[in-house]
Amino acid sequence: MENAKSVKLVLEDGTEIQGQSFGAFTSAAGEVVFSTAMTGYPENLTDPSFAGQILVLTYPMVGNYGVPGEELYESISKIFESDKIHIAGLVVNYYSEEHSHWNAAKSLGDWLAEYNIPGIFGVDTRMLTKILREKGAMLGKIVAEEDMELHDPNQDNLVAQVSPTEVKHYGNGQHKIVLVDCGTKTNIIRCFLNRDVELIRVPWDYDFTKLDYDGLFLSNGPGDPKMCTPTIQHLQTALGQDKPIFGICLGSQLMGLAAGGDTFKLKYGHRSHNQPVLLSGTKRSYITSQNHGFAVDTDTLPAEWEMLFENLNDGTCEGIKHKSKPFFSTQFHPEAAGGPEDTEYLFDDFLKAVAEHKAAK
Amino acid sequence: MEKPQKVLILGSGALKIGEAGEFDYSGSQALKALKEEGIRTILINPNIATVQTSDNIADDVYFLPVTPYFVEEVIKKEQPDGILVAFGGQTALNCAVALFRAGVFEKYNVKVLGTPVQSIIDTEDRDIFKEKLDQIGVLSARSVAVTTMEDAVAAAEKIGFPIIVRAAFALGGLGSGFANNMDELRALVQKSFTTSDQILVEESLKGWKEVEYEVVRDQYDNCITVCNMENFDPIGIHTGESIVVAPSQTLSNREYHKLRSIGIKTIRHLGIVGECNIQYALDPVSEDYRVIEVNARLSRSSALASKATGYPLAFVAAKLSLGYSLSELKNSVTQTTSAFFEPALDYVVVKLPRWDLGKFEGVNRQIGSAMKSVGEVMAIGKSFEEAIQKGLRMLDTGKRGFVANKPEEVDNATIDKLLSEPNEERIFAINLAFEAGYTLNQVHDLTKIDHWFLQRLYTIFELSNQLAAKRGSGVDALETGLLREVKKAGFSDQQIAVKLLGQGDVKADELLVRARRKALGVLPVIKQIDTLAAEFPAKTNYLYSTYHGTENDLQPETDKSIMVLGSGVYRIGSSVEFDWCGVNAVQTAAEEGYKTIIINYNPETVSTDYDVSDRLYFEELSFERVMDILEFEQPEGVILSTGGQIPNNLATRLADAKAPILGTAPARIDEAENRHKFSSIMDELGIAQPRWKELTSLDAMFEFVGEVGYPVLIRPSYVLSGASMNVVSNAFEMEAFLKAAVEVSAEYPVVVSEFMQDAKEIELDAVADKGEIVSYAISEHVEFAGVHSGDATMYYPPQKVYVRTIRKLKTIAEKIAKRYEISGPFNIQFLDKNGEIRVIECNIRASRSYPFVSKVSGNNLIKKATQVLLGKKVARDESERVYDLPFVGVKAPQFSFTRLPGADPVLRVDMVSTGEVGCLGDTAEEALLKSMLSVGYKIPQQSVLISGGPIKSKVALLAAVELLVKKGYTIYATQGTHRFFAENGIPSSLLFWPDDYQEPNVLTYLKEKKIDLVINIPKNLSKGELDNDYKIRRTAIDFGIPLLTNARLAKAFIQAFCKLEMKDLKIKSWNEYKAM
């Protein structure tokens, strides 16, 4: 990478960091966040929850195993977490252009270039991470030739940007599940399709309450949950009924809001594969994959709701549940991809609740 | 949670190949964890040089063998309610399994804390383990045991090629090999059946990636993987012999988490509580995998993972064994977040093994599925290039990194062989291949090393070419851009100097590069290891340096501080004893009110625990890096004299750079290290020494030898563990050796001295303050001079030394201390021949025997030395007890010959032992017997083979053999010895020499284990050993029969076990001896 062009990263607080360009040689603005995951950049970069964000990877060498080629299964990606790269830009210490893996089809840089996403390497990412940790996630931009304005993606309705516009059907299992797609990761779809499910994937603002279904699932997604007003409204209707509901990440925040609670923005979020959560009231803990900047404020939850999981590092809410009805959520990602797979059993728990609910009818 | 009141912990005994310093780390951490809980701890470990056997770590210590007999005796006496068996390596585990099977734990109502013994057995027994994995659908290597050719062929058809054939119950891989097709298989199987009735036909995983995970589980079934590691060397090379990288570099998220999930599933199924390690083979071209093994205990890998991540695995495992859940424990780095988490690294760690195969005669140097390395290093960087080049230097084998080493002329055939049949030089052969124009694919085909790693090495090679392209334009041609690039790729200033300025005066050129680099502002930054990749602030100062960065994580220490240089990589001649010295120096400095800073890079040590010092730099002990850190931290002083030879060798250069070195002036140190200067000064002082001469020409040398006669001792300067030192017995050997020795050290002259035979060797370890001795300890070797002091068995206090001799030694030591103006620790070795005292060498630093004499005497010499170094007035020893103890300590060496196929297990002036023990007894015999039992000797049951060597040693053994006969032992003897015994009225049975090919043959008797102890005294100390003697010694080792090759030690051992039985060996704790 001797001939890489110079680019710089500029933060809202005035910090300027020089680096070298890989991927697309172009400028981009967004919210600068860091992730401490050590593997899984193909998964991370295609996670719609990262929409609008410039991602700093703390792991120092990135690109080692290249990027796999696309393979589809039931019209969804077998490999990636959506059909495109969602981050606004990528910041790394060391970019490994030469890669080695049996299923690699291209380099990370080429892949970024394909989607016109800029990358910057040669950055002291630890220093940058410490700035974000101390001052909180902030706006920033990667500047190539053309300078540009800073832009706060949290002011945008990011969910509307990443959510599909049409209803899609997958699988033909016995449990009919509605997936409200606010920017779902495809592994959530895969997790359902690996089980006995017929999946109806609907846009974020779609009125699913009219549909005939056995269970409701609320996906992850980018940005401030309070932007999803129509979703919250539909959800409130569903909460008035008894059909099982399961939410992940943004879905958890939406559930909290629909239940009458509040959400807040974390200082610098949780983006990593090593977040420890405790199943409330037990000694049982799990390592989880996370990617979120907002969280449910547990103190604001109504009396019939309680915390289901708690973050062992900072005590924040990692999931909520209704005390009597089959409604629960996790702030973390049981579907993993990337990250640890220890909580995938929650999909089974949800489908068990669905089966029980159907049997009780 | 019901906590035990008193817990017994099993240590791992002496350091040996496959079981080294990592267990000092894990045991020390476990003891710390228990102590915090107010539990009384009792440790059994004969390894007196360890930190864990120091004061105030365990509540009491038994310096006894970790064997079922002694552990049961200690249990009987101490009545503990719990026992920890997972912190002392395989030694402790094997012992625990034996005690469990014998019902001892049940009998004395001792609870095994942590992983149940049954789970341990499930992982240790291949068949049970495989069955356990099958139960949960986890894959292991397919393997079929067969007894006929037909079955072998059928098994091969089922498994598919390539196949590995292994002879069951055969030693040293005899009868094993790879087969790629049916013809090869048939040939191989036929051969294998000649060595064994049963063979294993297994699928070959050669060339697959080797990956391991460290898994922690609590009794509530919470389970985490703290770290994964990927071997640079694929399957086929033992993980202990491999270069290992953490975290994995070439695994995708799916592969990483697939193996992680399988690990958790497996460990839950096995029911492990605490820490363990799971190893996998991963297909390089699919997601197919096999589980290779699970180590249900703390291991070398777990020590490495602890240091690599900052996650204190042993400490946490000990807490979990008491019944804690992971989430109840805190992350000890952040002190706020949970211990239930998986560290995120924002750096890369590379571990490299260190071998010392060059020290062994006849050893097979190829590396493979069995461990031969004696130590390891861990290097930290932000890129693989940076870390591996640091690591290659840390090995301290004279390499400057991956490139810029001494040029070698090799042909392609040699390169091919080095790449495909790896030995310890393989990594350097990769560079030779690049230089010879090999492509990455060619290197990959020969090594099966992943392309990514090879590509990274190629980047280093290319950068070195860019530097070389500027050759001739001087250091001013260095520009910031390229300089920064090569520093990021781990180039040292020396490497840059070599590439830019050639192989001239490299040390001077290095200073030019350094000056230019600093002028350009290309400086390393200091980064913290914090377990969470900066997500949370760290409370500990676990540090490394990197050129990938623009900001230091912390500011220099502002309080007055002292820096201690550690001992670096463990190798033969320098290991845990120097870690003990370093840790004690740091503790003393802290007690004296200083902030402490350590530099060390050895993951098997206690000194590299981040809670031992205020700041731990896990960094190179090179001039460049030490200066970087000194310039950053500006400590009040730096201590070099407690870390053995590596820091000592830096003394002059650091002094030239105005480093605040504490203690004896580096110029004086040089006058002791430099053989010529030293001998001249002894002459000046009128101190007797063996006759000597500096070698200038062959003629002069032969003239000198004409005067003193053979044998002579020849050695270059800067001697560590007798490296390159040899006894030469004739003119031919002399010429051959000189060629090699001069090449070894062109910088320093070679000194030849008279080799004194039949002389007693005595050592003095002492502390002086401005030339005045304030404290000392004298110890005596059992063996006569000629056995390296590290291989010798030692008594402390001395048992057979006249008071007048001690007075003489003291007088000489006082003269030397004064002349060298010694402040701090030093060691002198003396010869005593018929009461005439000669000095053989003086080391102005702490020596290997410091922990032994300090612990036995109760007089901590390092503490006193450190106080002197810090300028504190230390009172001269007055106490009677320091010189006259009511008990005896014996230090005995541990050899690892079983691990080194082919190596001749004989003692010479070059050190070959890998570790040591020290045991206490009321009498010398008791202490000797305990210590010899601790290093693997057994009291023979019935029969002893004696091959007595030269007439002198036959005579020396006579009285002892009479004792054996009286005790009813059967004596077997080889021809000359048999005749000698007959002449002296001792009955013995004749066994024929190996090359007599006649029964009863000595080899047959050894192989049939009809002999319980072999005493084989070499005819002389020359290299021209008789093949017969070698065969006897090697066969004894290969068949696990105790072997003695020194007549004095054999005599002492025989006298001890003829006088004392097992029941006579007192089960007395260290506290009990102290109270005597």
Side-chain angles (χ1 to χ4, degrees), chain A residues 2 17 34 36-44 57-61 64-65 68 79 93-94 96 98-104 122-130 132-134 268 270-276 278 282-287 311-314 336-342 344, chain B residues 218 220-225 247-254 256-258 260-261 264 283-286 325-328 331 334 336-338 340-348 381-384 450-453 455-456 459 485 488 525 527-528 532-537 548-551 553:
Chain A
E2 297 146 44
I17 299 168
F34 68 88
T36 67
M38 297 187 289
T39 59
Y41 53 85
E43 289 85 354
N44 264 340
L57 296 179
T58 62
Y59 190 69
M61 286 174 286
N64 302 5
Y65 53 88
I79 308 281
N93 168 65
Y94 178 116
S96 179
E98 302 89 4
H99 54 272
S100 164
H101 198 267
W102 57 272
N103 77 355
V123 172
D124 187 340
T125 45
R126 184 172 169 86
M127 174 190 75
L128 183 55
T129 302
K130 282 170 73 184
L132 299 174
R133 177 185 86 200
E134 301 301 332
Y268 50 90
H270 295 151
R271 292 175 189 87
S272 66
H273 291 173
N274 65 343
Q275 292 288 336
L278 178 74
T282 71
K283 286 192 175 181
R284 198 63 198 255
S285 316
Y286 302 93
I287 301 291
N311 190 300
L312 276 167
N313 283 345
D314 61 12
E341 301 157 344
D342 306 359
E344 198 188 310
Chain B
D218 67 21
Y220 308 95
D221 210 18
N222 296 308
C223 205
I224 56 173
T225 64
S248 61
Q249 296 302 323
T250 72
L251 268 59
S252 68
N253 177 73
R254 276 170 62 138
Y256 182 108
H257 286 286
K258 177 178 182 172
R260 179 187 173 279
S261 295
I264 289 176
D283 187 353
V285 292
S286 81
S325 76
L326 273 163
S327 56
E328 287 170 320
N331 175 340
T334 62
T336 55
T337 57
S338 171
F340 181 84
F341 82 109
E342 299 186 353
L345 281 60
D346 59 3
Y347 50 87
V348 60
K382 289 258 185 200
S383 68
F384 177 73
D450 192 278
H451 284 282
W452 188 83
F453 292 117
Q455 182 64 55
R456 304 272 60 85
T459 305
E485 278 306 300
K488 279 180 171 183
V525 292
K527 294 286 184 190
Q528 248 174 332
L532 285 163
E535 190 184 352
F536 287 89
H548 293 263
T550 47
E551 182 198 68
D553 268 350

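Letters go in sequence order (proteins before strands), and every chain restarts at 1.
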Original post:
Charged N to carboxylate O under 4.0 angstrom, B:Asp218 versus A:Lys283?
Top reply: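 No, no charged N to carboxylate O under 4.0 Å.
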
Original post:
Would B:Asp553 and A:Lys130 pass as an ion pair if we require N to O under 4.0 Å?
Top reply: yes

When [options] are compared by non-hydrogen pairs under 4.5 Å with chain A, the top option:
{"options": "B:Asp221, B:Thr250, B:Ile224", "result": "B:Asp221"}
{"options": "B:Ile264, B:Asn331, B:Leu251", "result": "B:Leu251"}
{"options": "B:Ser325, B:Ser252, B:Ala344", "result": "B:Ser252"}
{"options": "B:Glu485, B:His451, B:Lys488, B:Gln455", "result": "B:Gln455"}
{"options": "B:Thr225, B:Leu532, B:Val285, B:Val348", "result": "B:Val285"}

**OP:** List in chain and number order the residues that pass side-chain contact (heavy atoms from CB on, under 4.5 Å) with A:Ala336, two or more places apart in sequence or in another chain; answer none if no residue qualifies.
**Re:**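 Residues passing side-chain contact (heavy atoms from CB on, under 4.5 Å) with A:Ala336: A:Glu341.
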
Where does [X] contact chain B at under 4.5 Å (heavy atoms): side chain, backbone, both or neither?
{"X": "A:Arg133", "answer": "side chain"}
{"X": "A:Tyr41", "answer": "neither"}
{"X": "A:Leu312", "answer": "both"}

Subject >> B:Tyr347 (side chain) donor-acceptor with A:Tyr59 (main chain) under 3.5 angstrom >> reply: no

Original post:
Taking only residues two or more places apart in sequence or in another chain, which ones pass side chain to side chain donor-acceptor pair (under 3.5 Å) with A:Thr58?
Top reply: none

Subject >> Top contributor to chain B contacts, counting heavy-atom pairs under 4.5 Å, from A:Gly122, A:Pro276, A:Gly339 >> reply: A:Gly339

